[in-house]
Structures are given as C-alpha cells and as structure tokens.
Amino acid sequence: MGKKKYVYYFGDGKAEGKGSMRELLGGKGAGLAEMTNLKITVPSGFTITTEACLEYFKSKKKYPPGMWEQTLQGLKRVEKSMKAGFGDSKNPLLVSVRSGARASMPGMMDTVLNLGLNDVTVKALAQKTNNPRFAMDAYRRFITMFGSVVMDIHRDKFESVLHQTKKTFGVKSDTDIPVEGLASLVTQFKDVVLRETRRKFPDDPFEQLKMGINAVFTSWFGDRAVTYRKIYDIPDTWGTAVNVQSMVFGNMGDTSGTGVAFTRDPSSGVRKFFGEFLLNAQGEDVVAGIRTPLPVNALKDKLPSAYKTLMTTQKTLEKHYRDMQDMEFTIQEGKLYMLQTRVGKRTGIASVRIAVEMVKEGLITKKEAVRRVDPDQIAQYLYPIFEPSEEKKFQPIGRGLPAGPGAASGKIALTPEQAVTMKARGEKTILVRKETSPDDIHGMYASEGFLTATGGMTSHAAVVARQMGKVCVAGCEDVEVLEGQGKVRIGPSVFQEGDSISLNGFTGFVYGGMLSVVPSEVVQVIQGNMTAKESEKYRLFATLLSWADQIRHLKVRANADAPDQAQIARGFGAEGIGLCRTEHMFFAEDRAPIMEAMILASTPEKREKYLAQLLPLQREDFIGLYRQMKGFPVTIRLLDPPLHEFLPKREQLMVDIARLELTNGSASEIEEKKFILERVDDLHEYNPMLGLRGCRLGITMPEITRMQVRAIMEAACEVAKEGKKIIPEIMIPLVGMATEMKAQKAIIKEVANATMKQCGVKLSYLVGTMIELPRAAVTARQIAEDAEFFSFGTNDLTQTTYGLSRDDAFRFTGFYREHHLLDFDPFAVLDQEGVGAVMRLAMNEGRVTRPNIKLGICGEHGGEPSSVEFCHSLGLHYVSCSPYRVAIARLAAAQAVLNAEGQKPATKSKKKVGKASTKTKAHARRVTATTKKPKAKTKARPRKTKARR
Ligand code: PEP
Ligand code: MG
C-alpha cells in the first residue's frame, strides 16, 4: 500500500481532517471534518482528497497506489460507526458519494445518493426500517441517479417511465405511487439501463462505489464544471475531493425531512435565520426545485426538537466561523443531522450588510469587514430599479420569490441556447424555465434575469442568480412553460419567445412588457433625490467605504468631464478629477458646429475666430468642474483625438453630394459639402490612432492649446476669486519626446502667466503629461524635466505596448483566449508583466529627475480591482476611474493594503477573462466611459472593453 494519505475519516465526534484543510479535502470535506470536531451530529464518512483526483487524471484514470485500500479501510470505520455492513444482506449500510472542490461550485459536479442498494439490500432496508415503501422509493431514486450521473443515461428516459407509471396508478405526485408501482419502476429502470448502455445495472455495492467515485472525479472535467470554472476563474489544477458518507434519510415519513438554511438572509443580509425544507424528501429535492419548499421556521411547529437543535447548531457554526453559513441538513425520524456547512454565497448588498453588522456585533474587526467584501460585488449597490411611478401603473401578471435583486427587462428566451443566440444579436433576454439546471449555465450567463416556475430561494436558479449578480424571480406558480410550443403562460397571458417581460428581483413581481429602469437607491442619494437618512442601504455602503478609506493609501479620483459627472464622482467619494477629456466638451451639440468651422478654417487667424467662441463655453465647463470638486485637484487634458472625428463621415458626405446633384440641389450647398469632403480627405489618416492626435495637435496648431489653457486659467482665477482653493493640473496627451513636452509647456506657461496677470490672481498650477507611449516611458527621465506629474494612460499604453489596436483587438483576442495565448483581456485588466513593467520603468526614470513627481493612472484599469492592487504595489499616488467605479476602487485600494500586510481578501486579485474590445466607431468612441455606468452585475464575468473614450 502506498504511504500517502488519500482518505480522511470523520465520525463519532472526531475527524482526521480539519476546517483549514480545504485545499486537500475540498470545502465540503473540510466543513464535515470541522463540524465533527465541534461535536455537531454529522453522519460518519470519509473524504478522498483532491490530490487523489489530480493523480487519477495524471495516470490516465487510474487510482493512485493505496487509494482504494484506504477507501476500503475508511468504509470499515464507517460500518463500525454505523453498526451496519456495506452490502450486508441483513443490516446494509448505504452511502452518498459527493463531489467537493476547494471553491464551491453549486450543482456543477456529480452526486449519488443511496449507494449500496441492490435487490438484496433493498429488502433488508425495508425490514430494518419497517417501511417497504420507503426502501423501494430509495431504490428507484438510486437507479435514476446512478443511471444518469454515473452511466450517462439521459434523465428523460427515466422520467418518461415515471410519468407513465404515475398515469397507470392514477396518481399525480411521486409520493403517491404505491409500493408495487415503485417496484415496477425499479424493474423498468433496470431495463432502461440495459437498453441504453447494453450493461446490466451493477448489483455489487463495491462496484457501485468505484463507479461512483470515478464519476465524481470525471465530473471535474465535465462541460458544466469547465464552463463554471472559466466564468469564475477557478483553476483546472485544483481537482475535486470525493465525500463518501453514510446515508441518513429525510424521506422516512412525516417526521423526516431535508433542508437548506442560511444563518442570515443571503439576499438582503438581514440577520434572521433563513432557509427552506421539505418534509419527507431526500437530498437534492430542495435544491432541484421540483417541489416548492416551506420556510425553515415552519419546522418549529412540525418538528420542534429538531428545530431547536438546528437553531443551536446554526448559532454555534456562525460564531465558530465568524461568517454567514450555508448549511444542509437532514432530519431522520426527528433527529437532526448536518450534512454540510460552508461560508454562504451572498449578494453584494448582503455582503456589505453582513460585514458591517458583524463588526457592530463584535464578531469581526473593521479590517476583516473590508477584506471580506469583493469590490466587484459592491457594484450591486448600483443596481437599477424600475421607475417607481411607472411600476405602480403596471399590473403584475405573476409573482414568485425575489431570489436575485435588481430590475431587469428583456425578451423571453425559453432555452439557454436561444438566450445565447439572442444575446449575440445584442438583445436583452430573460430566460424563462420551469426550473433551471446546471446544464443551463451558458444561457443564464447570457441573460439579464431568470424566471422559473418551480423552486425556492435556494434553487439552482436562485443560487446562480445571486452569484452572477443577475435578477431572478423563482418558484413563480403563475408560470407554465408550454413545452414544444415556443410559448409560456404567465398568469392570464400567453407569451411567445421574443416577447418582452420585466422582473422585479426585489419583490418577485413579473410584468408583461418592458418597464424602464432607474438608478439604485445609493445613486439616488448621491444625486440628491433621496436623503441618506431615508436609505439604510446607502448608510451601510457608506460605512464600509469609510472603513476602507481609513486603510487605503492610494487616492481615488474620477474621470469626469462635466459638472454632473463630477457631482456623482464626489458622491461616490472621488478625491479629485484625474482626467477631464476636454474633447467631450467639443462634441456637445452647441459646440460641434463651431468646432467643425474651426477645423475647416483655412488660416490660423480664421481658426482663432472660432476658438474665441469656444473659449467661454470651455471656461464655463471648467468653472462647473472646479466648483463641484471643492478644492480637490482637477486634471484637465488638452485636446487629444484626431480632428477628422469632429467632421462628418466621408461616406455620408459623398451620399449627400450625390443626392443633392440628383435632385438639383443648390449649387452653394453642393459646393460647401464638396469643400468639407476635401477637408475630410486632407485630414484622412490610414492609422489615426498613431497619427495627428494628442500633443501633436497642440504643437502643430498652438492656437488650440492657447485657447484651452486660457479657459482653464480664467476659470481657475474666477473660482479663486470666490475664495475657493484650486490648483489646476494641465495635462498634455500622447507625449513621446521630451521636446514635445518642452514645446507645449512653454506655451502653457506663457498663456497661464499672462491670464493670471490679466485676472489679477496668482495661482499655483501644475503641468504634466500622460504616459501612453513606450518611448515616453523610456525617456521619462528627460520628460520629467518639464513634467510635474505623470498620469498613465493605460488604454493607449496597452495599445502601444502590445501594438494591439484597442478598437480592433476583439477580432482575434477571442481566438487567443480560446487557445490560451491570452488569458485575460489586457484592455480591461492591466497586463502587469508587460504594460506594468513599462509603467515601472517610467516611474523609476521620472523619479531620477524629479524624486517627488506625482504619479497616477487614468486608463480604464484604474477601476479594476486587480489593477488597482498593482497600482498600489507600484507606489502610485492615485488611480482615476469612471465615477461609478470610484467605490470599487476605494475598496480595492484598501484591500491592496491588507493584502500587502499578508491578509488575503475575500476575492484575491484576479485576471478577469473576457473578449476584447467591442468595435467602436469614431462616433461611439465619443461616448465617454465616464458617462457609462458599469454594468452593475459584473461579478467575474467576461467584460467588454470600454470604448476608446
Ligand atoms: C488612455 O489612453 O488610457 C487614456 C486615458 O486616454 P484616452 O482613453 O482618452 O485615449
Ligand atoms: Mg489615451
């Protein structure tokens, strides 16, 4: 026998493993060991390690030496503990075989219950329990489960036999099938197995056990599990453990039952014992959502003694783990057995509430609270809700359980495949199913929300929704999927696939049609439409973030270029503006024609005329920003994009000209269009991203820089005269050479000083540059002679370091990801190895010349948690991100500190996976990332890269 230990026993109040061994024993195995050691009643069993699983795959599906022998020894101990024999013809021991990876992957891998039954042991079980119906019921369930999970037979094959048998016996529910019906099912199911696999159903319990273990191991690489791991960044190399545990039965009559419970509400986080159970039911019935369960508190009347033990147990477990627990239990003839405990998954909203309240209860420290909340998850605080007055006018057509918070509208998809297809067409979808199963995962991922006809708050749909941050209404009895017709009845109405519905995941209401959605409570408080006093959610959110602020070193600024954005940014706690993209001001409707005229102007003098018209408009914008920022720094970037972006599209002009000519349009109009076309052609570049943009504009057309600097300084002087503190930071884009920096700085200084003189105000201001080109990084020492700050423009820096177009990369990065050439989208997650190294070089070089040079980042990465952590480790002074990501960055920055102190956060830094940039046309590029709300529901989900700007 090999020496390595592959099997860890637990039972009779003592376990070989312990809670801290989850890497080896998986989450479930570690939890069972820990509960056993806590003297909580757990049916005895053993865990086969994840290491055994990995070795099984390494040696082409052979057990590692000693594993099987240790399994048999483990089984002997269980037999002894349970005073029963595996396969014993008089007193048989039955076991469950379940998967259990290090990270919870609900429903993704395989489970077999009642293993050990055959024609002989079933009789013994009937005698032992004095309940032949129960024994036969367990047997037919076992064949179904083993047949589908282990022998790969489609569940429908068993279901149709079951359906037919119910018809024959004239019963509706499984529980009403008489014992002879169950016996007939067993025979028929065995025939199904023989027909489908050309193999007899295995009678030998040891063969069953071996096949069960193999199936659990193999399910680690099953499609469902692989998809799940991809979505949640779980490495293939973790493997799963196998838990073999003696069976206890929740289906032994009305004093038995099974359930799932949470120590707090996983949806809202409210501190109340929460869960569901089914009487006279087994194992997966609750999670599978086949019958709608009762709330766990109803146990109090039905089985008071078990309820009392359950209440004590849940308190013990929460106190022991100092975190909300998700538990599975079975009651066999009045006696409670715990089958699982783990840290419960929760919504972002619950996560914050639990963390804050546990601090107040003295269970955890503020640092732990900050560490526990996944920064991406707090985006759920930004969940939209339905416009309340509109929702009032709508009559709900159904109501189910509010299983996943938020509001979602979309077109109905009745299959996961259809949801994926519709999503690919750019449509928002709501997946409507009788119940979801792990096989639906791809469709669930593609949908905005799910609506199910059966199942409770802990059904598959509900669990997945909360984890993915999707909206879910579960167990809606008003829903009837009209199988095979492409239709669904919801309450009084029948809908076709493609029709619109709306789900309120806070109340469980379902509406026909598309309701409009409005921002979340937190956003409403920030916008001043609600007070903090009125919103408890806001207060919890603000409390946690205030604790994060006490920990973090990095400052968090926002990318904002309009006063309303600046106001939102401040509301989210931004400590300044790190990037104001001034071109957005020129795209505004009232300014675009002046800008166009300015670009069309043939001489600098003519250009000046239009610039003079733009000046007061820019000045007003800056005044608005400064006022909103109340003394916090404001970095204003000079004009960046190529000028042709401000002119009409070439193709459109050609169409217009042709149309005018065909319809005898006015000669002057034709002439004008032709002139514009000529100018568009003049400005046309083969590669505008690398062309006349950034500081190259201000250098070749210095009058633009002059006007902008004047506006920046006049605004600053005016605000200073109001008695407010203001230090403008003027930022030059796309500098690649020290000479460019010098040339632009000279103009800036001259205009700034002249303006201050004119206004009679003396102000401090800074002049700095973006670092967006590798050459700028390499020559940062020289550039820093003039630059007083560097702000890393990592959108362009990623583009130029990789030589990968930020607008076109999506065309092949999907292929790269599939073929493991890229394992994350570098436009969403900072490439620490490449782009990060370029940043480090620039910092080091810049500091040689200017040791205290101010350093920040303003590319999209500034709001992505793992990138924020990297910026902290580099020693930047601030990150700047879109206003809606400011809170995420604040939390991530605090976690970066805790991480560096050696305390791992709830979600460790990760490289997000995802497709690369969506195609962004010049027009689309004008849509500022700062005005775009991040999709609130972004947990570990492949992300689209933001538009260029
Ligand atoms: C950048 O390149 O990272 C940046 C912030 O500038 P823009 O996205 O406007 O090019
Ligand atoms: Mg840029």
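Bear in mind the structure is a predicted one, so any value in this text is a computation, not a measurement. Atoms within each ligand, like the ligands themselves, are counted from 1 in listed order.
- Polar contact with ligand 1: present for R806 (N/O pair, distance under 3.5 Å).
- Between H872 and H553, the gap from one ring centroid to the other is short of 6.0 Å.
- Salt bridge E729/R557: present, at least one basic N to carboxylate O contact under 4.0 Å.
- Each of the following atoms of ligand 1 lies closer than 4.0 Å to a heavy atom of R581: 4 (C), 5 (C), 6 (O), 7 (P), 8 (O), 9 (O).
- Contact annotation: the side chain of C695 never approaches that of L638 to less than 4.5 Å [non-hydrogen atoms, C-beta and beyond].
- Its N, O or S atom nearest to the Mg ion (ligand 2) is what matters here, and for D796 that atom is OD2.
- The ligand atoms of ligand 1 that sit less than 4.0 angstrom from a heavy atom of G793 are 1 (C), 2 (O), 3 (O).
- Using a 4.0 Å cut-off to heavy atoms of R637, the atoms of ligand 1 that qualify are 4 (C), 6 (O), 7 (P), 9 (O).
- Checked by atom type and distance alone, the side chain of S867 pairs as donor or acceptor with a backbone atom of L830 at under 3.5 Å.
- Under 4.0 Å from ligand 1, the heavy atoms of M770 that appear belong solely to its side chain.
- Evaluation of the salt bridge (Lys or Arg N to Asp or Glu O under 4.0 Å) rule for K609 yields no partner, not counting sequence neighbours.
- When each atom of ligand 1 is checked for a heavy atom of C858 under 4.0 Å away, the hits are 5 (C).
- When heavy-atom distances to ligand 1 are checked against a 4.0 Å cut-off, E860 has no atom that comes that close, whether in backbone or side chain.
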Counting only pairs under 3.5 Å, give me each side-chain donor-acceptor contact of residues 734-752, with atom names and distances, residues two or more places apart or in other chains.
from, atom 1, to, atom 2, distance (Å)
E740, OE1, G736, N, 2.6
E740, OE1, M737, N, 3.0
K742, NZ, D786, OD2, 2.9
Q744, OE1, T705, OG1, 3.1
Q744, NE2, G698, O, 3.1
K745, NZ, D786, O, 2.9
E750, OE2, R706, NH1, 2.9

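- Using a 4.0 Å cut-off between heavy atoms, L579 contacts ligand 1 through its side chain alone, with no backbone atom that close.
- Ion pairing of E583 with R637 is present here, as a side-chain N (NZ or NE/NH1/NH2) and a carboxylate O approach within less than 4.0 Å.
- At a heavy-atom distance under 4.0 Å, only side-chain atoms of R693, from C-beta outward, approach ligand 1.
- Contact annotation: for T794 versus ligand 1, heavy atoms closer than 4.0 Å belong to the backbone alone.
- The Mg ion (ligand 2) has an N, O or S atom of E772 under 2.8 Å away, backbone or side chain.
- At least one side-chain heavy atom of Q618 sits under 4.5 Å from a side-chain heavy atom of T582.
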